[in-house]
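See structure below.
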There are 2 protein chains.
Amino acid sequence: MSTLSPTRDPEQTRARILEAAEALFVEQGFSAVRLSELARSAGVTKSLIHHHFGSKEKLWEAVKDRAFERYFTAQMSMLEEAGEPDVALLRASVEAYFHFLRDNPGVVRLFAWAHLEGDDHYSELDAELVGAGAEWVRQAQRRGVLRADVNPTNVIAVFVMACTQWFETKSHCQQWPGMGSDAAFLEDFLTIFLEGVTPRG
Amino acid sequence: MSTLSPTRDPEQTRARILEAAEALFVEQGFSAVRLSELARSAGVTKSLIHHHFGSKEKLWEAVKDRAFERYFTAQMSMLEEAGEPDVALLRASVEAYFHFLRDNPGVVRLFAWAHLEGDDHYSELDAELVGAGAEWVRQAQRRGVLRADVNPTNVIAVFVMACTQWFETKSHCQQWPGMGSDAAFLEDFLTIFLEGVTPRG
DNA sequence: GACCTGACTGGCCGACCGGTCAATAGACAG
DNA sequence: CTGTCTATTGACCGGTCGGCCAGTCAGGTC
């Protein structure tokens, strides 16, 4: 078999580089990562990184692309599964979003670095996700399930921002007096958020 | 007069360096800033930066200290002015926090960089602010002004996180379909948040 | 076998990084 | 004036950065 421990396996090499690069970029951001360190960490030579990715910048783009694709497909498939708008489904969606971020901490940090650097490569696809989410909210508003006096996009924004910021800063915020676990924060956020977006009766 | 255009003014020089450094660090983060660029931008020599601040790292700390002090004193004085807990005051507090961030965009970015780098120098003072805020919420809960089934710290966290993330990502999020201005987001957030934290009647 | 493609290596490069240092110059005390 | 202190300068340093290049080597094709 040709796939059994070949002395050369460019695809696996690419993957090894990407994985090591993601780990370092997540931890240190683009500027602070040294190609020499990355090469050592991936077990390849610096030249090989250039051979496969062209430059440090292009490797950074490749890492971000891969992470954003994971994010985009996860959210999109979640949205496509969504059925009739009701509050239980909104709760489930927020929980799913929260858990995705919890299970992909690298994605959160990568986006944070990318955004601070002014990267807006992904705003179009992101807008697609938000647009679909807002449309879902709009339908729920029309059916009287959610209060209609708020901008649907802002409903999405509020929970996306709260969840994102929680995972961006939780190592710091969990030192706050009285602050609890992921689950405890999520529960209280949901209590406030869901009460806030449903009509008073 | 000795203060009229002296050929040497170390304090002003320090201030010029600090200001230029803050601008560059806010924009690019610690690693990406080059001392040579900073020197050019501040109109001084590289050596002078070392003379006044010792090293790039210490200058970075000085810039963060100064920004955090602005943040801390602003929030603390706001908390001290706070009177009897009621919903109108909570609204005013959220608005004040939001407007502080809006008027100090550099502070938001500086904190974001610092946090990604794992800096937790400021967690103690930050905890003091949050503790005071949470205590205010606890009093409001005891008086029945706010719902008592949520952790007071999480009430603070939710609005702090939503406001912070808004200004961290607004250049990106304002490209979302249907997304509006600062004021529009704040108004919708307040609508949801205040409805969510007050007891149903 | 000869041949080609491309994965892969080690050595090297110019640029530039943060930082140092000896020398200079302005402010001020006496 | 002289001496002292220090803000300020420009030349300079060792180290390391991202990137390049000539060449080697494995695998596939004919």
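The shown structure was predicted, so the numbers you read here are calculated from the model rather than taken from an experiment. The sequence lines fix the lettering, A, B, ..., with proteins before strands; numbering per chain opens at 1.
Judged by distance alone, with hydrogens and angles left aside, the side-chain atoms of A/Arg14 form a donor-acceptor pair with the main-chain N or O of A/His52 at under 3.5 Å.
Remark: B/Lys170 fails to qualify as a cation-pi partner of B/Phe185 under the 6.0 Å distance and 45° angle criteria applied to the six-membered ring.
Rounded to whole Å, atom P of D/dT9 lies 6 Å from atom CG of B/Leu48. Between the P atom of D/dA7 and the CZ atom of B/Arg14 lies a distance of 10 Å, rounded to the nearest Å. Between the P atom of D/dG10 and the CZ atom of B/Arg40 lies a distance of 14 Å, rounded to the nearest Å. The separation between A/Arg16 atom CZ and C/dC8 atom C1' is 12 Å, rounded to whole Å. Atom CD1 of B/Ile49 and atom P of C/dC17 are 12 Å apart (whole Å).
For the OP1/OP2 pair of C/dC21 and a distance below 4.0 Å, the side-chain nitrogens and oxygens of B/His51 include no atom meeting the criterion.
Judged by distance alone, the side chains of A/Gln165 and B/Thr164 never bring a donor and an acceptor atom under 3.5 Å apart.
The salt bridge (charged side-chain N to carboxylate O under 4.0 Å, His left out) search around B/Glu61 returns B/Lys64, not counting sequence neighbours. Judged as a side-chain contact (heavy atoms from CB on, under 4.5 Å), and not counting sequence neighbours, the contacts of A/Ser181 are A/Ala183, A/Ala184.
At most 12 heavy atoms of other shown residues, nucleotides or ligands fall within 6.0 angstrom of atom CD in A/Glu69.
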Heavy-atom protein contacts under 4.0 Å, nucleotides 14-19 of chain D, coded B base, S sugar-phosphate only, - none: ---SBB
